[in-house]
Amino acid sequence: VQLQASGGGLVQAGDSLRLSCAASGRTFSTYDMGWFRQAPGKEREFVVAISWSGSNKYYADSVKDRFTISRDNAKNTVYLQMNSLKPEDTAVYYCAAARPYRSNMVGSWLERPTNYDYWGQGTLVTVSS
């Protein structure tokens, strides 16, 4: 699986942005997908994950009620809708894929970057105050 993240940019606080992660391969629909972010000088941080079917989602507390993850398996794409952006959301955002039947959508498992098998190249989101 190859992942290509896009949609980042420079926005003002309070604005919205939608990130996309396009995947290659016919097995995309079987993977749980996650978004992570990494700010300068900080460790990679879990943002949100979605199950292969789209029926289960798990959010970090810092983005709950502001960010929404979704996926379109017919288009091999996962989306991250980000609303009410804050300067502290500034980071490079990465999408990641986990092979099936591993996560059971358990939060502690989903939050670990090392549990994911494939990563996109990242897209930069900058939120100015």
Side-chain angles (χ1 to χ4, degrees):
V1 175
Q2 291 186 324
L3 304 176
Q4 179 80 31
S6 62
L10 172 62
V11 297
Q12 293 186 333
D15 285 351
S16 298
L17 206 58
R18 189 175 82 155
L19 306 183
S20 298
C21 176
S24 65
R26 293 176 291 178
T27 57
F28 170 79
S29 62
T30 66
Y31 286 74
D32 297 332
M33 298 294 296
W35 284 98
F36 287 76
R37 64 187 181 187
Q38 189 165 17
K42 295 188 177 181
E43 293 186 352
R44 194 162 296 192
E45 173 191 27
F46 172 79
V47 177
V48 61
I50 187 168
S51 62
W52 63 272
S53 66
S55 60
N56 293 308
K57 303 169 186 179
Y58 177 72
Y59 291 89
D61 288 342
S62 59
V63 305
K64 201 173 294 183
D65 299 327
R66 296 189 300 122
F67 290 11
T68 302
I69 190 171
S70 62
R71 68 189 296 163
D72 185 338
N73 286 340
K75 295 183 178 180
N76 277 16
T77 303
V78 63
Y79 304 99
L80 181 62
Q81 178 66 42
M82 305 185 294
N83 298 329
S84 303
L85 283 161
K86 305 175 181 180
E88 51 263 44
D89 295 318
T90 295
V92 176
Y93 282 72
Y94 298 90
C95 58
R99 287 196 296 266
Y101 313 119
R102 295 175 64 210
S103 80
N104 292 317
M105 290 302 289
V106 172
S108 58
W109 193 99
L110 293 166
E111 292 171 355
R112 294 182 180 177
T114 53
N115 285 338
Y116 291 77
D117 303 289
Y118 304 99
W119 289 84
Q121 86 290 357
T123 185
L124 176 62
V125 173
T126 304
V127 185
S128 64
S129 57

Could you tell me which non-hydrogen atom of Leu3 sits nearest to which non-hydrogen atom of Tyr118, and how far apart they are? CD1-O, 3.6 Å

When rounded to the nearest 0.5 angstrom, what distance separates OG in Ser70 from CE in Met33? 11.5 Å

Arg71 to Phe28, cation-pi by 6.0 Å centre distance and 45° axis angle: yes

Other than Phe46, what residues sit in its cluster of Ile, Leu, Val, Met, Phe, Trp and Tyr side chains whose heavy atoms are under 4.5 Å apart, directly or through others? Phe36, Tyr58, Val92, Tyr94, Met105, Val106, Trp109, Leu110, Tyr116, Trp119, Leu124

State, to 0.1 Å, how close Tyr93 and Ala5 come at their nearest heavy-atom pair, and which atoms those are. O-CB, 4.4 Å

What's the shortest heavy-atom distance between Ala23 and Val1, and which atoms? CB-CG1, 4.2 Å

For the residue pair Ala13 and Ser129, what are the closest heavy atoms and their distance? CB-CA, 4.3 Å

Please round to the nearest 0.5 Å and tell me the distance separating atom SG of Cys95 and atom CD1 of Ile69. 9.5 Å

So, Lys86 and Asp89, do they make that salt bridge, N to O below 4.0 Å? no

Could you give the distance from OG (Ser29) to CG (Asp72), rounded to the nearest 0.5 Å? 11.0 Å

Side chain to side chain contact (heavy atoms under 4.5 Å, CB included) partner of Lys75, the single match among Val78, Thr77, Asn73: Thr77

Check whether any side-chain heavy atom of Gln81 lies under 4.5 Å from a side-chain heavy atom of Phe67, and answer yes or no. no

Run the side-chain contact (heavy atoms from CB on, under 4.5 Å) check on Ser62 and Arg37 step by step: do they pass? CA-CA 12 Å; Ser62 59; Arg37 64 187 181 187; 3.6 Å; yes

Evaluation steps, side-chain contact (heavy atoms from CB on, under 4.5 Å), between Arg66 and Met82: CA-CA 6 Å; Arg66 296 189 300 122; Met82 305 185 294; over 6 Å; no

Testing the basics here: between Ser103 and Asp32, what is the closest heavy-atom pair and its distance to 0.1 Å? OG-OD2, 2.5 Å

More than 12 heavy atoms of other residues, nucleotides or ligands under 6.0 Å from CD of Gln121: yes or no? yes

Within the structure provided, determine whether Val127 and Asp15 are in side-chain contact (heavy-atom separation under 4.5 Å). no

Near Arg102 CZ, under 6.0 Å, is it more than 12 heavy atoms from other residues, nucleotides or ligands? yes

Note, Thr68 side chain near Tyr79 side chain (heavy atom, < 4.5 Å): no

Between Asn56 (side chain) and Ser51 (backbone), is there a donor-acceptor pair under 3.5 Å? no

Minimal non-hydrogen separation, Asn83 against Ser16, with atom names: OD1-OG, 2.9 Å

Rounded to the nearest 0.5 angstrom, the CG-OG distance for Leu80 and Ser20 is 9.5 Å

Residue from Leu10, Thr90, Leu19 passing side chain to side chain contact (heavy atoms under 4.5 Å, CB included) with Val125: Leu19

